[in-house]
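Have a look at the structure below, then the notes.
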Amino acid sequence: MTKHKPVVVVTRKLPQVVETRMMELFQTRLNATDQAMSKAELIEAVKTADVLVPTVTDRIDKAVLMQAGEQLKLIANFGTGVDNIDVETAVARGITVTNTPGVLTEDTADMTMALIMAVSRRLIEGSKVIGSDNTWQGWSPTWMLGSRLWGKRIGIIGMGRIGTALARRAKAFGLQIHYHNRKPVQAKLEEELEATYWDSLDQMLARMDIISVNCPHTPATYHLLSARRLKLMKKDAIIVNTSRGEVIDENALARMLEANELGGAGLDVFEHEPAVNPRLLKSSKAVLLPHMGSATLEGRIDMGEKVIINIKTWVDGHNPPDRVLPSML
Ligand code: 8YV
């Protein structure tokens, strides 16, 4: 452990209060330009930092980790998902990895609900009609019809913190809660949500009006929603994703939207961010957001606070509270 203040390299610009506190506590190197770091810059960082604070835009893969100096002992990810980090290699090299769970749950669940509303009730199409060139011709009984949420079935894939927070919101909107998870949630929670557990994802997909992806991206969930599985969905069903693009076969989804084989999609995340499939860009059935699920000022400050607590606990010689182990993935 380091006796003097550890060198902490932060790869992106963080909220001011977080950066100020980090500067007080550690020998912190900030990124004032907020430009995502290149591979060469990341390698340079891991050669000199005691602690690296990356985000989803930094790929800390084997090639980067193999170049890390002996001094790198902690990767305190600013984010909950750690699919940007090769955790197994990091841990094998004696590097502790932490993340920021819990503090972005409500914001991400809000954004998921917002996407469900936006797709079902055609919010973006409607708001474009009254844009700067206002083309609205007046009200009509059969124009801009969306579909009702109340009474429909939502199937949540991944009933962790965010999935559960979404289920609570969805229930308040009159949706019937269904979910697929590695195992059923506790009976008390299932009862509160009046939720139905589906062991078979295939069977759940075929019966839902709305599908929401809320599981992490791991090797086991890559393209979980494959072309075959997407085809099981009802033709008028919608799908929303605020987790990771890689969980859905984006090409297959885009093709299905184009062919009118799905009701719509609300996507906050993409397989090859920041690139977005051109077919999705053209689809009037897709509502697309640039990875904004946790983008509230409060959320980002709370995430920073978690990062600081993880680093500080490690500096003080304890196990950081949000350690990520390969067995958890
Ligand atoms: C963050 C997220 O914005 O925490 C996560 O896993 O997906 C986002 O909400 C981003 O990952 C920060 O690195």
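Here the structure is a predicted model, which is why all the values come from computation and not from measurement. Ligands are counted one by one from 1 in listed order, and the atoms in each one are counted from 1 as well.
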- [ ] Considering heavy atoms of the protein only, find what lies nearest to atom 8 (C) of ligand 1 and give residue, atom and distance to 0.1 Å.
- [x] His291 NE2, 3.4 Å
TODO: Heavy-atom contacts with Gly81 under 4.0 Å: which atoms of ligand 1 show up? List them by number with element.
DONE: 4 (O), 5 (C), 6 (O)
Open item on the list: Arg244 versus ligand 1: do any nitrogen or oxygen atoms come within less than 3.5 Å of each other?
Closed with: yes
TODO: Considering the heavy atoms of Thr55, write down every atom of ligand 1 situated less than 4.0 Å from one of them.
DONE: 13 (O)
Task: Element-labelled atoms of ligand 1 that are located less than 4.0 Å from some non-hydrogen atom of Gly79 - done: 4 (O), 12 (C), 13 (O)
Open item on the list: Pair His223, Arg229 - check side chain to side chain contact (heavy atoms under 4.5 Å, CB included), show working.
Closed with: CA-CA 9 Å; His223 280 196; Arg229 285 218 171 97; over 6 Å; no
Task: Location of contacts on Leu104 toward ligand 1, heavy atoms closer than 4.0 Å - done: side chain
Task: Aromatic plane relationship, Tyr197 with His180 - under 30° parallel, 30 to 60° tilted, over 60° perpendicular - done: parallel
- [ ] Please indicate whether any nitrogen or oxygen in Met303 is less than 3.5 Å from any nitrogen or oxygen in ligand 1.
- [x] no
Open item on the list: Side chain or backbone, does Thr80 bring an N or O within less than 3.5 Å of an N or O on ligand 1?
Closed with: yes
- [ ] Name the closest protein heavy atom to atom 11 (O) of ligand 1, giving the residue it belongs to and the distance to 0.1 Å.
- [x] Val56 CB, 3.4 Å
Open item on the list: Keeping Arg93 on the side-chain end and Leu65 on the backbone end, is there a donor-acceptor pair under 3.5 Å?
Closed with: yes
Open item on the list: Just so I know, are the side chains of Arg300 and Leu14 near enough to count as touching, which here means a heavy-atom distance under 4.5 Å?
Closed with: no
Open item on the list: Under the side chain to side chain contact (heavy atoms under 4.5 Å, CB included) test against Ile309, which residue among Glu305, Lys306, Lys312 passes?
Closed with: Glu305
- [ ] Write out the residue and atom name of the closest protein heavy atom to atom 9 (O) of ligand 1, then the distance separating them to 0.1 Å.
- [x] Ser294 OG, 2.6 Å
Task: Identified side chain to side chain contact (heavy atoms under 4.5 Å, CB included) counterpart of Val10 within the set Arg29, Met23, Met22 - done: Met22
Open item on the list: I'd like to check Asn214 versus Ser243 (side-chain heavy atoms, cut-off strictly below 4.5 Å). Are they in contact?
Closed with: no
- [ ] Verify the neighbour count for atom CD of Glu24: are there more than 12 heavy atoms of other residues, nucleotides or ligands below 6.0 Å?
- [x] yes
Task: Numbered atoms of ligand 1 (with element) below 4.0 Å of Phe78, judged on heavy atoms - done: 12 (C), 13 (O)
Open item on the list: Can you tell me which portion of Arg300 lies within the under-4.0 Å heavy-atom range of ligand 1? Options are side chain, backbone, both, or neither.
Closed with: side chain
